[in-house]
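Throughout, a chain's letter reflects where its sequence line sits, starting with A, and its residues are numbered from 1.
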There are 2 protein chains.
Amino acid sequence: MQEAQKYSRYSFLLDRTARRVKQYAKQRFRELGWSITVDQWTVLKQLFDRGELNQRELADLTFKDHPTMTRIIDLLSTKELIIRKAHPDDRRSFKIALTQSGQQLVEECLPEVQSIRMKAWENLSESDFKEFKRILDSIYDNLSL
Amino acid sequence: MQEAQKYSRYSFLLDRTARRVKQYAKQRFRELGWSITVDQWTVLKQLFDRGELNQRELADLTFKDHPTMTRIIDLLSTKELIIRKAHPDDRRSFKIALTQSGQQLVEECLPEVQSIRMKAWENLSESDFKEFKRILDSIYDNLSL
DNA sequence: TTACATTTGTTGTTATACTAATTATTTTAA
DNA sequence: TTAAAATAATTAGTATAACAACAAATGTAA
């Protein structure tokens, strides 16, 4: 393979694998009868770990843009897993909080999510993880603005 | 970090990095004034490399599903970069072919695409590429159906 | 040959991704 | 203090991504 073409191939493999990982988790969520998506889960988990956050903070933590976060928040609100509370110090902003059923859902799903996530890494060693993380971070930094 | 949480973190980094790579390419395409997306490019490039293909073959090669491919083909047809030609042996199917302007576009864009792709891999070594590919393939296989 | 299964492609629906533009509010600077 | 700049969130438009259901054509087995 030509030198230059090789890099396109790696980018393709990265994209393909990331899609597969997401697809697998999505499918397992469905099979388990959970009515949330993987991206919605990520938001719930952040709120579970860190407590109330505004939408900008959630967007930054999950590396999503603001319009996307608005819509994920809308969907989670409709399902009554979170609520937008008025921000005490800033009327432009909301405090997003888990509802009781949101809290309960995270607690129930957490072990299963972890086993879904583990599946991808079967047969890989501790040093593989380190290498992988290092390379991913390097790629990410190369493309930072 | 807890053992189980680690795997979620790796999945997150993978997703984040893949999104960044796509985002970077998309932005460069825009800056260069190209009116195609990265996924559309991938289809054009396959046709350029392999000649006429049907939609199933294109979907298989790019690891996209058939409805997604239908829509990408629709968009490229509208832009007159490709055409659906009747398949001589199978009336269910089309032969997808580059038009002259499609062919020309690929030839013009190819060097620039390769430099966009290379950007991600700066400061990484040949053995990093090999390791990375091995780990990606392993993850992909772990989640195969 | 007929009935059934498979294949190819399309349509519909929901969700995420990114861009641009907009509103409301808050911050900063003259 | 007032005007301009910046920020938080939303809305609108277009493009992927995945899934289900479907139509038309082809293949296969009795």
Side-chain angles (χ1 to χ4, degrees), chain A residues 12 15-31 34-43 53-60 62-79 82 84-96 143 145, chain B residues 12 15-31 33-43 53-60 62-79 84-96 143 145:
Chain A
F12 174 77
D15 183 58
R16 182 189 76 157
T17 304
R19 274 188 282 143
R20 172 69 96 197
V21 168
K22 193 159 209 170
Q23 184 186 22
Y24 176 78
K26 180 178 186 176
Q27 184 185 319
R28 292 290 297 134
F29 274 39
R30 273 184 66 83
E31 285 166 4
W34 301 347
S35 63
I36 56 166
T37 67
V38 178
D39 299 281
Q40 290 166 22
W41 165 263
T42 305
V43 169
L53 298 166
N54 69 22
Q55 295 186 199
R56 181 189 52 73
E57 288 165 335
L58 279 169
D60 290 348
T62 56
F63 291 81
K64 293 187 183 300
D65 56 32
H66 297 196
T68 298
M69 189 49 61
T70 293
R71 272 148 195 152
I72 292 176
I73 298 294
D74 286 347
L75 290 165
L76 289 171
S77 292
T78 303
K79 293 173 191 164
I82 60 173
R84 283 185 172 98
K85 303 197 299 188
H87 194 295
D89 308 324
D90 188 339
R91 286 195 296 163
R92 290 171 304 186
S93 184
F94 300 104
K95 282 282 189 191
I96 312 297
L143 303 182
L145 315 176
Chain B
F12 174 77
D15 183 58
R16 183 190 76 156
T17 304
R19 274 188 283 143
R20 172 69 96 197
V21 168
K22 193 160 207 168
Q23 184 185 25
Y24 176 78
K26 180 178 187 176
Q27 184 185 321
R28 292 290 296 134
F29 274 39
R30 273 183 66 81
E31 285 167 5
W34 301 347
S35 63
I36 56 166
T37 66
V38 177
D39 299 282
Q40 290 166 21
W41 165 263
T42 304
V43 170
L53 297 166
N54 69 21
Q55 296 187 196
R56 180 189 54 71
E57 289 165 335
L58 280 168
D60 290 348
T62 56
F63 291 82
K64 296 187 183 297
D65 59 21
H66 296 197
T68 298
M69 189 50 61
T70 293
R71 276 147 193 157
I72 293 175
I73 297 293
D74 286 347
L75 291 164
L76 289 170
S77 292
T78 304
K79 294 174 190 163
R84 283 184 172 99
K85 304 197 298 187
H87 194 295
D89 308 324
D90 189 339
R91 285 195 296 162
R92 291 170 303 185
S93 185
F94 301 104
K95 283 282 190 190
I96 311 297
L143 304 181
L145 316 175

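- When heavy atoms are screened at a 4.0 angstrom cut-off, T70(B) is found touching base atoms of the nucleic acid.
- Contact check, R91(B) against dG27(D): no side-chain N or O comes under 4.0 Å of OP1 or OP2.
- Taking the six-membered ring where the residue is Trp, W41(A) and W34(A) present parallel rings, their angle staying beneath 30° rather than reaching 60°.
- Under 3.5 Å, the side chain of R92(B) and the base of dT26(D) form no donor-acceptor pair of N or O atoms.
- When the P atom of dT14(C) is taken as reference, atom CD1 of I36(A) falls 18 Å away, rounded to whole Å.
- Straight-line distance from the CG atom of D60(A) to the C1' atom of dT7(D): 12 Å, rounded to whole Å.
- F94(B) has its CZ atom 11 Å from the P atom of dA25(D), to the nearest Å.
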Protein-to-nucleotide contact annotation, 5' to 3' order, nucleotides 12-20 of chain D [B base; S sugar-phosphate only; - none; under 4.0 Å, heavy atom]
BB-SSBBBB

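- Atom-to-atom, CD of Q55(A) to P of dT16(C) comes out at 14 Å; the value is rounded to the nearest Å.
- For the pair H66(B) and D89(A), nearest-nucleotide mapping onto DNA chain C gives the more 5' position to H66(B).
- Spacing between atom CD1 of I73(A) and atom P of dA8(D) amounts to 15 Å, rounded to whole angstrom units.
- Under the salt bridge (Lys or Arg N to Asp or Glu O under 4.0 Å) criterion, R91(A) pairs with no residue at all, not counting sequence neighbours.
- Taking 4.0 Å as the cut-off between side-chain N and carboxylate O, K26(B) and D39(B) do not count as a salt-bridged pair.
- Computed from coordinates, the D90(B) CG to dT6(C) C1' distance equals 12 Å when rounded to whole Å.
- No donor-acceptor contact under 3.5 Å links the side chain of R56(B) to the base of dT8(C).
- Distance check, rounded to the nearest 0.5 Å: CG of L76(B) to CD1 of I96(B) gives 9.5 Å.
- With sequence neighbours left out, F12(B) forms a side chain to side chain contact (heavy atoms under 4.5 Å, CB included) with F63(A), R9(B), R16(B).
- From L75(A), atom CG reaches atom CD1 of I36(A) across 11.5 Å, with rounding to the nearest 0.5 Å.
- When rounded to the nearest whole Å, the span between NZ of K95(A) and P of dA8(D) equals 12 Å.
- Neither side chain, Q23(B) nor Q27(B), offers a donor N or O lying under 3.5 Å from an acceptor on the other.
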